[in-house]
Amino acid sequence: MIKATSGASILDTMVLNPVQYEAVCYDGGPQLVFAGAGTGKTRVLTAKIAFLIEQKKILPAQIFAATFTNKAAAEMRARLETVFGLPCQGLWIGTFHSLCARLLRRQADKLGFPASFTIYDSDDQVKLLKKILLQYKIDERVMTPRSVAGAISKFKNACVTPAQAAAREGSFYDREINRIYEAYQTALKKAAALDFDDLLMQSVLLLRNFGDVAAHYQDFFRYVLIDEYQDTNLAQFYFVKLLAARHNHVFAVGDDDQSIYGWRGAVVDNILSFEKHFTGTKIFTLEQNYRSTGPILSFANEAITPNVHRARKRLQATRPGGVPVVVSQYRDDRDEADAVADTLAASIAGACAAGEMAILFRTNAQSRVFEETLRKRKIAYKLVGGTSFYERKEIKDCLAYLRLLANPLDDISCERILNVPPRGLGEKTEGALLEYAGQKQKSLLQTICSEPLDPFGPRAQRGLQDIKSVFELLGEMNARKESPHEILNQMLTLTGYLDNLENDDSEVSENRIENVNELVNALTTWNEENPDKSLCDFLEEVSLVSDIDEWDKTATAVNLMTMHCAKGLEFKTVFLVGCEDGILPSRQNFDDERKIEEERRLFYVGITRAMNALYCSYALQRFRFGMVTPMAPSRFLRAIDQKSYTFIDTSSAYAPPPRSETPQFSRRDFAGPSVKDDYSYSQETVQYHRGQQVLHKVYGQGKILAINGFGADMRMTVLFTDGSRRKMIAKYAQLEIA
DNA sequence: CCATCACCACTTTTT
DNA sequence: GTGGTGATGG
């Protein structure tokens, strides 16, 4: 480590190693910084901005810096402002999506959108696609809204417009998709809405199709900085290429080994062939890892080595000492959770604060067992992600009102609130309203507010009149620039939304009331912090928050999140749970070696979050999809030399259960790489047939309704005498023939 | 029109 | 366990 010494500079206060320092101060054109996990990437990026503002005298407003999360952006800005005292007014720093939204709001008219356009999330997207599929009379079994959404997303991530898509050769299915894509884009435009992918694609189209706009921004933005470059997609690449065309100052930071977003269109090739696309590129490689101890790093290096598609590099440990990585085998998911809780409790009582520890898993569904166990043990935890606050029904309802107020063309939001709270506007009225609006060539809300309501029955008229007066009042408030939280409060009163929830005394609605109140609070706070921002700004922020943006590092609770979510974070102690084939790697990626490599990178990302202690674990069976399923240790673990970790098998610590309860598979001790893939099961098969009366030791007598598969994979549905119907795996169910 | 219940299919990761 | 959908009765 050396300290920068060129004159009195902010850089002097930042401890940078020689490569970091060189990367920060280099100013000879495009730069690519390969920054392995824990090598000080954020530090370099922050220092680079400081260098540009302080040394190169670049105006903050002329720097375009794309980060991976809003949180990272906010932290960097705060650091620059408060620690270094640099004015960052106008600095373009944020996620690609929010930066593009900012750009598009300013130039919306060029693309034929109002500046107040709405941002549709995947939920809205699916709703809109459902409507279109219905219109086109396409059977949902042939094409689901989700699959179409995926296809459209693919187009947009590669910046393929409907016209370009239509010009391509393709199967009947492809042509159908193209038709829907075009209809979908038309519908979005009519609703003055953009989806997530549009934010990127339309920004590219803006620069591509409007030479003067492009020239302006190309001239204006002197430097373009991109973090996590390995996770950019084609649209983002085009955008960067266009934006930096004039000054050619591109500063990209990333790590191909941490590319984990291929499934949503990211192209690792963006980083791997950066040099080819930006001539005169200088490459910097950061390999000094300051985060993890030696044992964790060797484990990480070993884990990622099998990947073929990567730029060769190896992280160097700088921290001395360290305890071995622990790999543990458990009987089932509950045992795994219990053991993790034990270790957590011991650590909290000892050396490590709860907030410094994290449980990382592959899928959100895995969080459940841990939540239950931790709650039982009274260990405070914080679940990051899952269904985020803003995706809850009641919150989306409230936001739909606000969105509709900001953009009366948004029919999806209007349909959402039409009968929420219930006001007698059911399916029939909705259909009639849709029809009527179509005739009048207006949006739903416009029709309700400005057309005679005579064609509707008296009941419907009353309901529609309700909506009309609500929006007239809210519209006036908005026009008087009253604060968004007052508008929300007024909405809740006028519509009786809260009253409606209060009348329903179920536990769910109690929770919902709390959530709505939380929304009011959030909006109030936001309003205080951003007195000059509008309702539109709030809605945009809400649409673009990511799960991790909500995360608070200082909280004194154990962190639970997916490995994807944990990217960019670090914890003193990390539990990598559910390291099982079928989960990590996911079964759905078994057939594709490239996807397996991405799963392996995810495993690598998980490992490299750990600073001092890493526990990897797997269970031999776990409760999934409503039944107990046998599991085998992850192939990623099996590929690591057993000398690189300490193995603990707690599954054999149990006293052998009575014979009738013993699962009928041979439980082999895990023995590192020497173990073969044959986690075989004994052939002690019983002949079952449909309609047979059987006896279960917990549920009692029942009848076999259906049998699927055979041998070790046999599953059956059994109807028990208590009326319950259960799916079970034959070899665990231990059914006796009655 | 609305609330309720039974049944279904689905659970990879997310801006 | 979830959540969405469809049939049924109030």
| said: If I take atom CZ in residue A/R624 and atom C1' in nucleotide B/dA9, what distance separates them, rounded to the nearest angstrom? | reply: 16 Å
| said: Between B/dT14 and A/Y261, is there a base-stacking contact, meaning the centre of the base's six-membered ring lies under 5.5 Å from the residue's ring centre while the planes stay under 30° apart? | reply: no
| Bracket notation of DNA chain C in which parentheses pair within the strand, [ ] cross earlier pairs, and | pairs with another strand (Watson-Crick or G-U, under 3.5 Å) | .|||||||||
| message | Can you see whether A/N307 engages A/Y604 through a side-chain donor-acceptor pair at a distance of less than 3.5 angstrom? | response | no
| said: Once salt bridge (charged side-chain N to carboxylate O under 4.0 Å, His left out) is applied, do any residues pair with A/E75, and if so which ones, sequence neighbours excluded? | reply: A/K71
| Contacts of type salt bridge (charged side-chain N to carboxylate O under 4.0 Å, His left out), residue A/R375, not counting sequence neighbours | A/E371
| task | Write down the distance between CG (A/N500) and C1' (B/dC2), rounded to a whole number of angstrom. | result | 12 Å
| request: Kindly indicate, with the supporting measurements, whether the criterion salt bridge (charged side-chain N to carboxylate O under 4.0 Å, His left out) is fulfilled by A/K189 and A/D198. | output: CA-CA 11 Å; A/K189 192 149 202 174; A/D198 264 334; over 6 Å; no
| A/F239 and A/F96 aromatic ring geometry - parallel, tilted or perpendicular at 30°/60° bounds | perpendicular
| note | Of the listed B/dA3, C/dT5, B/dC1, the closest approach to the A/P422 side chain comes from B/dA3
| Roughly how many Å is it from CG in A/N364 to P in B/dT11, rounded to a whole number? | 13 Å
| said: It should be established whether A/T562 places a side-chain nitrogen or oxygen under 4.0 Å from OP1 or OP2 of nucleotide B/dT14. | reply: yes
| said: Please verify the inter-ring angle class for A/Y261 with A/F68; under 30° counts as parallel, over 60° as perpendicular, anything in between as tilted. | reply: tilted
| Is it true that atom CZ of A/R334 has more than 12 heavy atoms of other residues, nucleotides or ligands lying nearer than 6.0 Å? | no
| message | Counting the atoms with a prime plus P, OP1 and OP2 as sugar-phosphate, which does A/N419 contact under 4.0 Å by heavy atoms, base, sugar-phosphate, or nothing? | response | sugar-phosphate
| query | Roughly, in whole Å, what's the span from CG in A/N157 to P in B/dT15? | reply | 14 Å
Output a table of nitrogen or oxygen pairs between the protein and nucleotides 1-3 of chain C separated by less than 3.5 Å.
from: C/dG1; atom 1: O3'; to: A/R368; atom 2: NH2; distance (Å): 3.4
from: C/dT2; atom 1: OP1; to: A/R368; atom 2: NH2; distance (Å): 3.3

| message | Side chain of A/R264 only, heavy atoms from C-beta on: which candidate in B/dC1, B/dT15, B/dT13 is closest? | response | B/dT15
| How about A/Y381 and A/F370: are their ring centres within less than 6.0 Å of each other? | no
| task | Taking only the side-chain heavy atoms of A/T363 (C-beta and beyond), determine which of B/dT13, B/dC1, B/dT15 contains the nearest atom. | result | B/dT13
| field | Phosphate OP1/OP2 of B/dC2: any A/K428 side-chain N/O under 4.0 Å | value | no
| Phosphate-side-chain proximity, A/N233 and B/dT15, N/O vs OP1/OP2 below 4.0 Å | no
| d(CD, A/Q461; P, B/dC1) in whole Å | 14 Å
| task | Output yes when A/R512 and A/D397 qualify as a salt bridge under the 4.0 Å nitrogen-oxygen rule, no when they do not. | result | no
| query | Can you name the residues that form a ring pair (Phe, Tyr, Trp, His ring centres under 6.0 Å) with A/Y238, not counting sequence neighbours? | reply | none
| task | For A/E427 and for A/E599, locate the closest nucleotide of DNA chain B by heavy-atom distance; then report the residue assigned to the nucleotide nearer the 5' terminus. | result | A/E427
| With a 4.0 Å cut-off on heavy atoms, is A/T429 in touch with a base, just the backbone sugar-phosphate, or nothing at all? | sugar-phosphate
| Does NZ or CZ of A/R635 come closer than 6.0 Å to the centre of the six-membered ring of A/F603, within 45° of the ring's axis? | no
Using atom names, set out every protein N or O paired with an N or O of nucleotides 6-10 of chain C below 3.5 Å, distance rounded to 0.1 Å.
none

| said: For a quick check under 3.5 Å, do A/D410 and A/Y120 share a side-chain donor-acceptor pair by atom type? | reply: yes
| request: Starting from the 5' end of DNA chain B, give me the residue, A/G426 or A/V545, whose nearest nucleotide shows up first. | output: A/G426
